[in-house]
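Worksheet for the structure shown next.
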Amino acid sequence: MTYRDTQKVLVTGGAGFLGSHLCDRLVDAGADVLCLDNLYTGTKKNVAHLHDRTNFEFVRHDVTMPLYVEIDRIFNLACPASPIHYQYDPVQTTKTSVHGAINMLGLAKRLRARILQASTSEVYGDPEVHPQKEEYWGRVNPIGIRSCYDEGKRCAETLFFDYRRQHNLEIKVVRIFNTYGPRMNPHDGRVVSNFIVQALKGEDITIYGDGSQTRSFCYVDDLIEAMLRMMDTRADFTGPVNIGNPGEFTMLELAEKILSLVGSTSKIVYQPLPQDDPRQRQPDISLAKSELDWQPKVSLEDGLKETISYFKRLLQA
Ligand code: NAD
Ligand code: UDP
Ligand code: UDP
């Protein structure tokens, strides 16, 4: 992938975990990057190293407000992603997904810009089909505590496809499965960051429920590569495409792996399972393999080592 410096790329949520890695790749590829973020869960520290690059610019803005800029491509990532953060102000979470999508689609429509939506495996809810394929419509509770996120993201997908049908926009939708790596927010309560920080500090490892629920974890570099490839696919390919690592682990297995990699003596404790917590999740990535010629390369063990080093540095700072 190479971008011309005349190609202006907007990354909403660009100061977040995934957005900042995407900005890194785009800046290195030579694009003129506009990183937009309201810094709700992201931080300027995530992109501080890019400020001396002439092809990088940061703007503090909320995607629920209209935005008039001139750009060629949009990666729409703005939205808190961890349950603690998206449940803190659920109305704002839905607004961010829905109003944010409308504004970014309106912007794309005015400029005839290609636009990619960072959707989520949460659109499948607590699935009764395993592993999940893109054709599966999902099993989502519309009125539960996760609904602001799940239904907000589902509605955003609807808007993307209606803007395509109604206004012939070039849209791309990726459904991201659990992703981890450096620059995860240590306070956002996600399982990988929680377990690593707890193991490094010698605190109890908090498993919710009995630890038999499963997740599939993708390392951030693999994920960003797939997003970039998706943006470059032929005009009539819209997705949705699952992106994730099909390796499936129970939370107990994850805890044990992290304890052994950190060499920690923390003990495992069991706490109540949050409401509507999906039992299992694993992507079927055949579509990504065939359309993007992509599959994850980083093993859970290697990815965790990188992430552990990051959190070690963060805790020492
Ligand atoms: P994150 O919380 O680190 O990043 C989200 C960014 O969006 C933050 O920088 C936040 O400040 C910003 N933001 C939130 N509301 C905003 C608003 N109204 N206006 C402007 N900026 C706003 O989370 P992440 O893990 O980097 O997730 C990025 C995107 O990928 C999200 O859309 C998320 O739903 C999606 N996703 C992530 C995962 C994952 O495992 N990390 C899985 C599925 C989907
Ligand atoms: N919008 C924006 N930037 C633009 C164009 C539109 O933020 O460059 C927003 C604007 O707030 C509008 C929304 O996108 O409400 C949807 O735009 P669209 O043109 O689809 O709908 P309309 O303006 O007709 O409601
Ligand atoms: N989880 C856990 N301990 C923690 C944090 C999370 O056991 O300290 C569990 C959580 O209940 C869920 C899984 O780990 O079953 C993944 O949680 P996360 O919030 O990272 O992602 P999501 O539920 O959105 O997939």
Side-chain angles (χ1 to χ4, degrees), residues 13 15-25 28 41-50 77 80-85 120-121 176-209 211-227 243-271 274 277 281-283 295-317:
F17 161 48
L18 297 181
S20 63
H21 286 275
L22 181 60
C23 287
D24 282 349
R25 286 287 306 272
D28 284 343
T41 53
T43 157
K44 280 197 267 184
K45 281 189 194 144
N46 283 342
V47 288
H49 58 285
L50 292 173
L77 276 69
S82 83
I84 289 184
H85 284 141
T120 169
S121 54
I176 302 170
F177 284 66
N178 297 61
T179 303
Y180 69 100
R183 299 190 201 142
M184 288 184 93
N185 179 331
H187 306 294
D188 74 9
R190 280 189 262 193
V191 69
V192 173
S193 43
N194 265 14
F195 286 1
I196 292 179
V197 170
Q198 288 162 345
L200 286 170
K201 287 183 166 174
E203 294 170 355
D204 291 347
I205 305 283
T206 54
I207 287 190
Y208 303 157
S212 64
Q213 72 271 37
T214 68
R215 293 292 186 274
S216 304
F217 298 101
C218 186
Y219 188 62
V220 61
D221 291 358
D222 282 332
L223 194 280
I224 300 298
E225 177 63 29
M227 282 178 97
I243 316 181
N245 190 323
E248 186 184 5
F249 298 88
T250 66
M251 293 312 100
L252 188 55
E253 284 169 336
L254 178 73
E256 281 163 355
K257 213 172 209 8
I258 288 174
L259 280 173
S260 102
L261 288 172
V262 171
S264 169
T265 53
S266 291
K267 68 174 198 302
I268 290 175
V269 298
Y270 293 89
Q271 294 185 354
D277 200 274
R281 207 185 279 138
Q282 183 193 30
Q295 60 182 328
K297 292 190 180 130
V298 182
S299 67
L300 182 63
E301 183 150 329
D302 288 347
L304 285 176
K305 282 183 189 160
E306 289 294 324
T307 314
I308 290 166
S309 308
Y310 168 78
F311 279 113
K312 248 187 208 161
R313 290 196 300 276
L314 197 73
L315 293 178
Q316 279 159 4

Tell me, do Val220 and Ile224 make a side-chain contact under 4.5 Å, heavy atoms counted?
yes
d(Ile308 CD1, Ile258 CD1) to nearest 0.5 Å is 6.0 Å
For Thr41 and Phe17, what are the C-alpha separation, side-chain angles and deciding distance, and is it a side-chain contact (heavy atoms from CB on, under 4.5 Å)?
CA-CA 9 Å; Thr41 53; Phe17 161 48; over 6 Å; no
With a 4.5 Å heavy-atom cut-off, do Tyr180 and Leu304 have their side chains touching?
yes
Could you go through Val192 and Asn178, starting from their C-alpha distance and side-chain angles, then the distance that decides it, and tell me whether this counts as side-chain contact (heavy atoms from CB on, under 4.5 Å)?
CA-CA 10 Å; Val192 173; Asn178 297 61; over 6 Å; no
Gap separating the CG atom of Leu300 from the SG atom of Cys218, nearest 0.5 angstrom
10.5 Å
Mark yes or no for whether Glu248, through its side chain, and Ser216, through its backbone, hold a donor-acceptor pair below 3.5 Å.
no
Let me confirm one number: the CG-CG distance from Leu315 to Leu200, rounded to the nearest 0.5 Å.
5.5 Å
Ile268 and Ile205: side-chain contact (heavy atoms from CB on, under 4.5 Å), yes or no, with the steps?
CA-CA 5 Å; Ile268 290 175; Ile205 305 283; 4.1 Å; yes
Please examine the side chains of Ser266 and Leu259, heavy atoms only from C-beta on, and report whether any two atoms are closer than 4.5 Å.
yes
Is any side-chain heavy atom of Pro186 less than 4.5 Å from a side-chain heavy atom of Leu314?
yes
Can you check side-chain contact (heavy atoms from CB on, under 4.5 Å) on Asn185 and Ser82, steps first, answer last?
CA-CA 9 Å; Asn185 179 331; Ser82 83; over 6 Å; no
Between Ser299 and Lys297, is there a donor-acceptor pair closer than 3.5 Å when you use the side chain of the first and the backbone of the second?
no
Check Pro182 against Tyr219 and note the closest heavy-atom contact, atom names and distance.
CD-OH, 3.4 Å
Can you see which heavy atom on His21 is nearest to which on Asp221, and at what distance?
ND1-OD1, 4.4 Å
Minimum heavy-atom distance between Phe217 and Asn245, given as atom pair plus value:
O-CB, 3.2 Å
Non-neighbouring partners of Asp302 that pass salt bridge (Lys or Arg N to Asp or Glu O under 4.0 Å), sequence neighbours left out
none
Nearest 0.5 angstrom please: His85 NE2 to Arg190 CZ, how far?
9.5 Å
Output the distance between atom OH (Tyr270) and atom OG1 (Thr206), rounded to the nearest 0.5 Å.
11.5 Å
Heavy atoms, side chains only, cut-off 4.5 Å: are Thr250 and Thr214 in contact?
yes
Heavy-atom distance under 4.5 Å between the side chains of Phe311 and Met184, does that happen here?
yes
Distance check, rounded to the nearest 0.5 Å: Gln213 atom CD versus Leu252 atom CG?
9.5 Å
With the side chain counted from C-beta on, respond yes when Thr43 and Asn46 share a heavy-atom pair under 4.5 Å apart, and no when they do not.
yes
Closest non-hydrogen contact found for Pro246 with Gly244 is CD-O, 3.7 Å
Residue pairs fulfilling side-chain hydrogen bond (donor to acceptor under 3.5 Å, both in side chains) with at least one residue in residues 306-317, sequence neighbours excluded:
none
Qualifying residue for side-chain hydrogen bond (donor to acceptor under 3.5 Å, both in side chains) with Ser20, from Lys44, Lys45, Arg183, His49:
Arg183
Does His187 NE2 have over 12 foreign heavy atoms under 6.0 Å away?
no
Is there a side-chain contact between Leu77 and Leu22 in this structure, where contact means two heavy atoms from C-beta onward sitting under 4.5 Å apart?
yes
